[in-house]
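Here's the structure, in structure tokens; my notes come after.
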Amino acid sequence: MVVSDITMSLDGFVAGPNPGPEHPLGEGGERLHEWAFALASFRERHGEKGGAKNANDDVVAESLRRTGAVVMGRRMFGGGEGPWDETWEGWWGDDPPFGVPVFVLTHHPRETLTKQGGTSFTFVTDGVESAVAQAREAAGDKDVLVAGGASAVQQSLNAGLVNELQVHIAPMLLRSGTRLFDNLGPEEIGIEKTRVIDSPLVTHLRFRVGK
């Protein structure tokens with residue numbers, strides 16, 4: 001199964017304005033994910049102990065268990081604009097929190113980066129269909145997660161590749177930045193709600209996707 005899983009503000013943004021090295025998620029964008037930072041599953045994946053175990057943690061733990069490979073855009077990896085700087089290895093450090101193969105959508109080829117903890121970054125230059133196909137093979141019987149950013153999700157939806165869409169609605173207004181559902185094509189995309197889990201910090205919405 002191909003799953004898109006992303007946090008969005010109440011007014012539809014998944015990143016704030018002016019992303020860059022100091023603000024990878026744009027100005028104010030990190031606040032979107034505050035609901036997850038204290039969770040046990042999130043902390044464990046980032047090499048930390050302790051954390052809350054609640055309904056929100058169950059959602060994160062479920063996603064981590066199901067994911068066998070990840071597809072992301074160049075900006076989520078940390079490529080920025082223009083040609084690759086071959087010495088720059090993204091936002092994620094030496095031990096990224098993915099623990100699975102990651103396939104990065106880009107127009108700029110480079111060698112695969114192999115990191116600690118089972119994470120590797122493979123750079124795919126021939127489109128989202130190729131990236132998802134490679135991720136499917138790597139994932140085996142687990143899910144492929146289209147993690148973001150917005151462009152990667154939009155490309156995957158437009159190509160009819162997404163089976164399930166999970167959106168975590170943070171109760172905040174970013175007012176500007178990158179919207180999740182811009183740039184969708186003219187063809188109708190069928191959406192069926194299958195689950196709602198609510199908490200004071202976030203509302204988790206799951207949809208089945210099919211044309």
Side-chain angles (χ1 to χ4, degrees), residues 1-8 12-15 19 24-26 29 32 63-64 66-86 88-92 96-115 118-168 177-192 205-211:
M1 182 178 291
V2 178
V3 178
S4 177
D5 191 319
I6 197 165
T7 297
M8 183 176 76
F13 296 97
V14 295
L25 293 173
L32 286 168
S63 178
L64 293 173
R66 291 175 54 179
T67 299
V70 173
V71 173
M72 68 171 58
R74 179 183 176 183
R75 287 188 178 181
M76 184 172 178
F77 166 75
E81 300 290 349
W84 285 112
D85 174 357
E86 291 290 345
W88 169 239
E89 297 190 358
W91 311 121
W92 303 100
F98 305 103
V100 297
V102 179
F103 297 85
V104 181
L105 295 165
T106 177
H107 296 296
H108 301 276
R110 66 182 293 182
E111 295 297 318
T112 296
L113 293 176
T114 300
K115 297 290 192 173
T119 300
S120 59
F121 293 100
T122 298
F123 302 94
V124 181
T125 59
D126 53 347
V128 67
E129 291 89 348
S130 176
V132 169
Q134 292 180 58
R136 282 184 188 274
E137 184 174 355
D141 60 357
K142 290 191 173 185
D143 291 345
V144 171
L145 172 64
V146 180
S151 178
V153 175
Q154 292 158 12
Q155 290 177 61
S156 301
L157 286 169
N158 285 335
L161 298 171
V162 177
N163 306 114
E164 184 177 280
L165 174 63
Q166 184 159 251
V167 182
H168 313 282
T178 304
R179 291 187 182 274
L180 179 58
F181 294 118
D182 283 349
N183 304 311
L184 295 181
E187 188 171 351
E188 183 176 354
I189 299 172
I191 300 288
E192 178 186 355
L205 303 176
R206 178 182 286 176
F207 304 90
R208 183 180 297 113
V209 182
K211 295 184 178 181

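Scope of the values below: all heavy atoms of this structure, side chains included, with no hydrogens, waters or symmetry mates. Values in this document were obtained by computation on a predicted structure and should not be read as measured data.
- Of all non-hydrogen atoms in V70 and A147, the two that sit nearest each other are CG1-CB, 3.8 Å.
- Rounded to the nearest 0.5 Å, atoms CG (D126) and OG1 (T106) are 11.5 Å apart.
- Under the 4.5 Å side-chain criterion, counting only non-hydrogen atoms from C-beta, I191 is in contact with V209.
- Counting heavy atoms from C-beta outward, M76 and V104 have side chains that stay 4.5 Å or more apart.
- Here CD of Q154 is found 9.0 Å from OG1 of T178. Values are rounded to the nearest 0.5 Å.
- Taking both residues in full, the closest heavy atoms of S156 and V128 are given as OG-CG2, 3.5 Å, listed atom of the first, atom of the second, then distance.
- Sorted by first then second residue, the side chain to side chain donor-acceptor pair (under 3.5 Å) pairs that include residues 140-150, not counting sequence neighbours, are R66-D143.
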Verdict with supporting geometry, F103 and R136, side-chain contact (heavy atoms from CB on, under 4.5 Å): CA-CA 10 Å; F103 297 85; R136 282 184 188 274; over 6 Å; no
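- A donor-acceptor pair under 3.5 Å links the side-chain atoms of N158 to the main chain of N183, judged by distance alone.
- For R206, the salt bridge (Lys or Arg N to Asp or Glu O under 4.0 Å) criterion is met by E62, E164, not counting sequence neighbours.
- Of the inter-residue distances, the one linking W92 atom CH2 with F121 atom CZ reads 7.5 Å to the nearest 0.5 angstrom.
- Heavy-atom minimum distance, S63 versus D5: OG-OD2, 3.6 Å.
- Between the CZ atom of F181 and the CD1 atom of I189 there is a distance of 9.0 Å, given to the nearest 0.5 Å.
- Across N163, L165, L145, a single residue satisfies side chain to side chain contact (heavy atoms under 4.5 Å, CB included) together with V2, and that is N163.
- Interatomic distance, E111 CD to T122 OG1, rounded to the nearest 0.5 Å: 10.0 Å.
- Of all heavy-atom pairs between A135 and V71, the closest is CB-CG2, 3.8 Å.
- The shortest heavy-atom contact between L105 and A152 is CD1-CB, 4.0 Å.
- To the nearest 0.5 Å, atom CG of residue L32 and atom CD1 of residue I6 are 9.0 Å apart.
- Shortest non-hydrogen contact noted between P24 and P19 is O-CB, 4.0 Å.
- Counting only distance, with no hydrogens or angles, the side chain of T119 and the backbone of G99 share a donor-acceptor pair below 3.5 Å.
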